[in-house]
Participant: 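Provided herewith is a single structure, encoded as structure tokens, for subsequent inquiry.
All chains are named by letter (A, B, ...) in the order of the sequence lines, taking the proteins before the strands, and each is independently numbered beginning at 1.
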2 protein chains.
Amino acid sequence: MASVVADFRPETHQRLLEAACEAFREEGYQVSIDRIAARAKVARQTVYNHFPSKEALFAEVVQQSIASLLVVLDGDGDVRTTLMAFGDLYRNKLLCPEGIAIFRTMTAEAPRFPKLAQQFFRQGPAQTRKRLAQYLKRAMQEGRLREADPDFAAEMLTAMLVDLDRLRGLLNLETELKRPGKTEQVVDAFLRAFAPE
Amino acid sequence: MASVVADFRPETHQRLLEAACEAFREEGYQVSIDRIAARAKVARQTVYNHFPSKEALFAEVVQQSIASLLVVLDGDGDVRTTLMAFGDLYRNKLLCPEGIAIFRTMTAEAPRFPKLAQQFFRQGPAQTRKRLAQYLKRAMQEGRLREADPDFAAEMLTAMLVDLDRLRGLLNLETELKRPGKTEQVVDAFLRAFAPE
DNA sequence: AAGAGACTAGACTGTCCAGTCTAATTTCGG
DNA sequence: CCGAAATTAGACTGGACAGTCTAGTCTCTT
């Protein structure tokens with residue numbers, strides 16, 4: 001019952017998925033199947049050969065998109081260097097046009113697809129925060145940060161990194177989304193709050 | 001040309017506006033005029049007597065909603081007390097179901113109504129942050145906080161207060177939206193980062 | 001080269017919706 | 001109480017869209 005294993009032409013399937021991904025991102029779930037088909041240079045019936053319904057296509061696209069929003073950090077170097085690298089990566093992934101658009105589509109459609117939204121949260125943002133918290137916990141145990149709730153600390157850092165700039169992006173205010181010094185400013189503020197006593 | 005001053009029955013107009021506000025909040029811009037009319041217990045034609053188009057009705061509703069998201073702080077007492085009061089109010093206004101729903105609708109429709117989105121940002125979130133920054137600036141000048149960019153500090157505090165919980169609300173994860181200790185935890189972390197040296 | 005099955009083009013159905021129009025009914029000020 | 005204007009119910013237009021169906025074309029595999 002899982003995935004129908006019909007042997008579609010892989011290149012067609014790929015083109016369709018990519019077109020659907022872009023279309024849902026840029027125009028939301030309400031984009032028409034015709035527009036997706038046109039973007040993929042594919043007949044409408046082909047869409048329905050590959051997916052039983054628009055909902056199913058959307059679900060597949062969301063699955064694929066989750067991975068692109070995962071931000072992992074690697075714990076080389078000192079804490080400040082590690083968090084700076086994480087912060088830059090986090091901001092780049094979430095504040096680029098694609099990151100903003102995925103956020104917009106997911107939050108707009110969450111009431112219609114609550115299961116999908118939950119899965120998105122758990123495998124995306126929650127996962128990112130969990131790994132960051134693991135790193136922070138170790139740093140706390142080694143005395144490189146003060147003892148505190150690592151989940152809370154991770155929540156604070158990620159919030160500080162993107163909250164307002166994401167709102168700007170969501171509301172289409174293109175201004176200063178990429179001020180390079182921002183990550184440093186945030187990490188320094190975070191380190192003041194969580195420095196060893 | 002501005003607003004047509006026809007003397008509609010005020011009670012009808014009010015009922016219509018409230019119904020439209022709830023409808024747009026709960027179902028997004030795509031809610032049908034018929035549903036809004038039904039909710040207001042009003043004929044569809046009456047909607048078009050009061051507003052020239054769906055867009056115009058939406059614009060009016062957004063105008064009215066902006067005020068409900070403004071959070072002002074009053075600067076009595078010490079810094080911690082003031083920020084705690086602000087934090088509780090800010091969280092309550094933005095994380096309640098209505099606050100979440102307005103955020104969802106605004107960000108979802110920003111591509112279609114960029115002017116409206118810009119106005120919303122300036123008169124809502126930007127205004128709130130600006131007033132907070134003014135307070136923080138004074139506190140810095142009085143030596144009750146360390147000298148720093150007050151706009152940046154305001155951005156950090158507001159981000160820390162709601163970022164993750166707002167995402168939870170947007171994605172329909174009802175869990176723990178109202179942990180009472182959260183504001184205190186955030187304000188304390190903020191004060192560590194911006195305490196006098 | 002032949003056949004199976006993927007792909008295509010386009011017609012078609014049923015539904016929903018924004019906005020208009022009309023003809024009746026209600027309400028309210030004078 | 002009367003008349004102007006607001007309100008109402010419902011029909012109607014035109015367009016969009018999800019999903020189905022069909023008949024024909026293309027493309028791999030054997």
Participant: Can you sort out which residues in residues 10-22 of chain B have a heavy atom within less than 4.0 Å of DNA chain C? Ascending by number, please.
Facilitator: none
Participant: Among all residues two or more places apart in sequence or in another chain, which pass the ring-ring contact (aromatic ring centres under 6.0 Å, His included) test with B:F103?
Facilitator: none
Participant: Name all pairs fulfilling the side chain to side chain donor-acceptor pair (under 3.5 Å) condition that reach into residues 108-117 of chain A, sequence neighbours left out, sorted by first residue then second.
Facilitator: A:E109-A:R112
Participant: How would you list, by chain and number, every residue that makes a ring-ring contact (aromatic ring centres under 6.0 Å, His included) with A:F152, sequence neighbours excluded?
Facilitator: none
Participant: Please name all residues satisfying side-chain hydrogen bond (donor to acceptor under 3.5 Å, both in side chains) with B:D88, sequence neighbours left out, ordered by chain then number.
Facilitator: B:T183
Participant: Do B:E142 and B:R144 sit within salt-bridge range, that is, some charged N less than 4.0 Å from a carboxylate O?
Facilitator: yes
Participant: Keeping to residues at least two apart or across chains, list the salt bridge (charged side-chain N to carboxylate O under 4.0 Å, His left out) pairs with something in residues 185-197 of chain B.
Facilitator: A:R192-B:E197, A:E197-B:R192, B:R80-B:D188
Participant: Which ring-ring contact (aromatic ring centres under 6.0 Å, His included) pairs, counting each pair once, include a residue from residues 75-100 of chain A, with sequence neighbours left out?
Facilitator: A:F86-A:Y90
Participant: Among all residues two or more places apart in sequence or in another chain, which pass the ring-ring contact (aromatic ring centres under 6.0 Å, His included) test with A:Y48?
Facilitator: none
Participant: With B:E22, which residues qualify under side-chain contact (heavy atoms from CB on, under 4.5 Å), at least two apart?
Facilitator: B:R25, B:E26, B:R39
Participant: Which side chain to side chain donor-acceptor pair (under 3.5 Å) pairs, counting each pair once, include a residue from residues 69-79 of chain B, with sequence neighbours left out?
Facilitator: B:D78-B:T81
Participant: How does DNA chain C read in dot-bracket, base by base from 5' to 3', with Watson-Crick or G-U pairs under 3.5 Å and | used when the partner is on another strand?
Facilitator: ||||||||||||||||||||||||||||||
Participant: Let me know the distance between CG of B:N49 and P of D:dT8, rounded to the nearest Å.
Facilitator: 9 Å
Participant: Would you please confirm or rule out a distance under 4.0 Å between OP1 or OP2 of D:dA6 and any side-chain N or O of B:H50?
Facilitator: no
Participant: If the sugar-phosphate is the primed atoms plus P, OP1 and OP2 and the base is the rest, what is the B/S/- string for nucleotides 17-30 of chain C, using protein heavy atoms under 4.0 Å?
Facilitator: SSBBB-----S---
